[in-house]
Amino acid sequence: MEKKVRVRFAPSPTGGLHLGGVRTVLYNYLFAKKHGGDFILRIEDTDQSRFVPGAEDYIFETLKWCGLHPDESTQHGGAYGPYRQSERKESYRKYAEELVAKGYAYYAFDTAEELDAMRNKLRTAENPSPQYDRTVRQQMRNSLTLSKEEVDALLQQNAPHVIRIKMPEGETVSFTDAIRGEVSFDTSVVDDKVLLKADGMPTYHLAVVVDDYLMQITHAFRGEEWLPSAPVHVLLWRYLFGEEAMPQWAHLPLILGPSGKLSKRDGAKYGFPVFAMNWKDPKTGELTEGFRERGFVPEAFVNMLAVLGWNDGTEQEVFSLEELVQKFSIERVHSSGAKFDFEKAKWFNHEWIKRKEVEELRSEVRTIFQQHDLEISDDVYLDKVIGLVKDRCTLLPDFWEHSFFFFKAPKQIDFTPILAKWNPAKKDFFQSLIKSLRSISDWKATSLEALFKQLAETATIKPGELQLPMRLMLVGGKFGPPVFEIAEVLGKEETITRMENALEQVPSH
RNA sequence: GCCGCGUUCGUCUAAGGGCUAGGACGCCUCCCUUUCACGGAGGUAAUACGGGUUCGAAUCCCGUACGCGGUACCA
């Protein structure tokens with residue numbers, strides 16, 4: 001039977017999208033694509049106080065860069081919209097009221113001060129975080145302790161209130177996690193979570209259940225930090241829509257930093273990015289560096305993220321997005337957290353730069369050069385250069401140091417590496433080399449090398465002793481690809497010009 | 001504190017009762033190359049601890065330790 005899958009990811013627009021968040025989206029995306037299902041993105045903006053302007057656009061831009069952009073058809077209009085929870089506000093209250101009517105939830109009128117007072121009173125060394133649970137709800141101001149008349153009156157006059165779930169006592173709630181297998185909880189130790197806030201917005205707990213039901217979500221992968229609240233969600237499904245209709249869940253392991261959970265701070269502290277793209281918080285002005293700006297190609301970023309906690313069982317490590325879609329399976333996702341290793345991330349980028357076609361790198365490399373005030377118009381020449389140096393570049397900005405000399409003749413040449421062994425015979429050699437180069441018709445690295453060696457033999461100088469001077473003349477230092485390949489790309493005119501200029505500069509004894 | 005989830009080289013991982021625990025990153029050595037890389041060949045290094053079950057345990061069970069997460073009108 002064909003599987004009809006609809007997965008969802010609900011990024012919060014409250015500040016960037018860290019590695020773990022992108023990976024969650026990625027796994028949801030891979031699973032949906034593999035099974036021919038829809039990949040729905042829901043925007044969780046029910047906490048207006050934490051809303052950060054621009055964050056939503058940032059999330060969509062990030063996913064676009066990664067190649068994970070949801071289909072327009074599943075994101076705008078369509079049968080399951082709207083996709084922004086603030087726009088769905090009205091639909092939640094109804095379900096919360098239904099729960100109250102059925103006796104599974106209750107109104108609570110406690111003020112923030114009253115809640116504080118309760119927690120302060122109950123706090124002890126053994127119980128550092130007192131919960132609003134079955135042991136205290138009878139002492140609080142809610143529809144379980146107040147008379148029906150009082151409750152009705154309070155509701156009538158719009159007294160601020162929330163709706164809390166009434167956790168049953170002594171029940172074991174369990175469900176099967178696609179990664180961890182059966183997980184169970186004792187309801188006695190779970191608190192009476194708020195479902196509907198005083199401002200009428202749902203909390204995540206109510207929203208996720210209602211939305212998953214309304215959007216007919218079949219599978220939902222989310223971070224491990226949600227595991228402890230899973231029993232609340234199971235119960236809500238049971239009370240509202242029936243547990244059979246509940247989506248298949250998978251709780252993804254966390255991505256860890258050098259010391260504990262990966263944080264924005266780690267990035268700054270250890271010098272690696274933690275976001276896909278640069279993110280500047282408009283409220284604090286704080287900038288978090290992105291992989292894109294650091295010089296990563298999206299293929300490498302996605303690849304690196306995918307295998308941080310998943311593998312296909314073979315020894316393959318480099319996967320394209322298409323391959324990942326094909327090979328991904330949620331069962332092979334690890335249950336333990338993975339520490340992020342920037343060195344390995346760089347290795348993936350190196351691999352991808354090597355694998356990518358020259359044309360695919362063109363615009364990125366052009367951007368790098370522009371950052372060094374170098375505008376390149378000749379695509380054919382640029383392509384040759386990229387083809388010659390891409391194997392030596394780990395990050396995109398490396399293209400500059402590995403190829404700037406193809407576009408700028410060296411102004412000053414450091415001759416120190418060859419000075420000690422420099423002599424008139426060598427100078428003669430290069431002068432006759434220039435003469436021969438002028439008349440050579442086949443300007444290819446192999447031909448140039450053959451000619452070079454032949455002339456060296458005639459001059460009875462070891463070719464090896466002449467290659468370094470040649471390199472210095474062409475690029476100005478001890479770096480770059482094989483010297484004759486440089487000459488080939490540079491072309492006859494430029495090569496000869498550079499050699500002549502350099503020969504004039506060599507200090508003679 | 002309580003609840004939950006985890007634990008194989010430094011790191012990411014393979015091995016789902018049975019060969020000398022395999023691969024990759026990093027690091028080291030050598031080869032190639034009279035630049036530097038790429039590439040090639042080697043090397044280094046792990047089943048947290050203690051009990052069971054079994055002819056046989058990294059693998060199954062129990063306990064301990066450690067790590068992480070949760071314990072908000074945040075997601």
Side-chain angles (χ1 to χ4, degrees), chain A residues 10-15 21 44-47 49-50 85 108 110-112 115 119 123-133 160-164 177 179-180 183-186 188-191 193-205 207-208 222-231 251 253-254 256 258-261 304 307-318 334-348 350-351 354 389-394 398 401-402 417 462-468 470-472 475 477-483 486:
Chain A
S12 140
T14 49
E44 295 179 343
D45 58 349
T46 52
D47 185 356
S49 67
R50 285 173 31 135
Q85 285 179 337
D110 316 281
T111 62
L115 290 174
R119 294 201 170 101
R123 187 164 9 245
T124 59
E126 284 74 41
N127 184 14
S129 356
Q131 297 181 316
Y132 197 120
D133 60 16
H161 67 278
V162 301
I163 292 179
R164 307 185 91 109
D177 184 280
I179 296 172
R180 291 154 213 278
V183 184
S184 40
F185 300 85
D186 181 352
S188 301
V189 295
V190 183
D191 63 335
K193 293 266 181 254
V194 169
L195 302 178
L196 198 74
K197 300 188 268 187
D199 63 1
M201 282 286 193
T203 57
Y204 173 85
H205 310 294
V208 75
R222 77 227 295 198
E224 194 183 5
E225 67 271 24
W226 289 109
L227 203 45
S229 45
H251 290 87
L254 266 10
L256 309 166
S259 54
K261 189 183 170 188
M304 171 274 291
V307 298
L308 199 58
W310 171 87
N311 70 84
D312 74 342
T314 72
E315 285 175 358
Q316 183 175 352
E317 298 218 62
V318 178
H334 264 241
S335 49
S336 55
K339 197 178 281 187
F340 170 67
D341 180 4
F342 190 48
E343 289 308 315
K344 186 125 190 190
K346 286 196 288 192
W347 176 79
F348 276 110
H350 192 185
E351 288 300 310
K354 283 193 288 186
V389 305
K390 71 189 179 85
D391 285 5
R392 342 164 70 87
C393 298
T394 298
D398 295 345
E401 58 170 295
H402 286 300
K462 274 190 267 177
E465 279 196 32
L466 297 161
Q467 281 200 25
L468 190 54
M470 175 89 172
R471 167 177 303 279
L472 260 33
V475 307
K478 284 174 74 171
F479 46 77
V483 67
I486 295 174

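Only heavy atoms go into these numbers, but all of them, side chains included; no hydrogens, no water, no symmetry mates. In what follows, chains carry the letters A, B, and so on, assigned in the order in which the sequence lines appear, proteins first and then strands, with residues in each chain numbered from 1.
- By the rule that a glycosidic angle within 90° of 0 means syn, B:rC27 does not qualify and counts as anti.
- As a whole-Å value, the separation of A:Glu315 CD from B:rG22 P is 11 Å.
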5' to 3', nucleotides 68-73 of chain B under a 4.0 Å protein heavy-atom cut-off (B base, S sugar-phosphate only, - none) gives SBSBSB
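- B:rC12 and B:rU34: their C1' atoms are spaced 38 Å apart (whole Å).
- Heavy atoms of A:His350 sit under 4.0 angstrom from primed sugar atoms or phosphate atoms, though from no base atom.
- You'll find that the side chain of A:Ser335 is closest to B:rG6, out of B:rU35, B:rG6, B:rG1.
- Across all strands shown, A:Phe348 has no heavy atoms under 4.0 Å from either base or sugar-phosphate atoms.
- Residue-level contact check: A:Asn127 touches the bases, meaning some heavy atom is under 4.0 Å from a base atom.
- Across all strands, A:Val183 comes closer than 4.0 Å only to sugar-phosphate atoms, never to a base (heavy-atom distances).
- Separating the CG atom of A:Asp177 from the C1' atom of B:rG6 is a distance of 13 Å, rounded to the nearest angstrom.
- Residue A:Arg180 places its side chain closer to B:rG6 than to any other of B:rC12, B:rU35, B:rG6.
- Residue A:Ser49 is out of contact with every strand shown, counting any heavy-atom pair closer than 4.0 Å.
- Relative to the side chain of A:Pro128, the nucleotides B:rC38, B:rG1, B:rU13 differ in distance, and B:rG1 lies closest.
- Contacts of A:Pro481 with the nucleic acid, taken as non-hydrogen atoms under 4.0 Å apart, include base atoms.
- Within a 6.0 Å radius of NZ in A:Lys354, more than 12 heavy atoms belonging to other residues, nucleotides or ligands are found.
- At the heavy-atom level, A:Lys354 lies under 4.0 Å from the strands shown only through sugar-phosphate atoms.
- At a threshold of 4.0 angstrom between heavy atoms, the contacts of A:Val389 with the nucleic acid are absent.
- Set against B:rU11, B:rC38, B:rC5, the side chain of A:Asp341 has B:rU11 as its closest nucleotide.
- Residue contacts for A:His334: at a heavy-atom cut-off of 4.0 Å it reaches the sugar-phosphate backbone alone, with no base atom in range.
- When the P atom is used for both B:rC60 and B:rG17, the distance is 8 Å, rounded to whole Å.
- When heavy atoms are screened at a 4.0 angstrom cut-off, A:Gly309 is found touching the sugar-phosphate backbone but no base atom.
- Between A:Ser229 and A:His205 the shortest side-chain heavy-atom distance falls below 4.5 Å.
- For the P atoms, the distance from B:rA58 to B:rU47 is 11 Å, rounded to whole Å.
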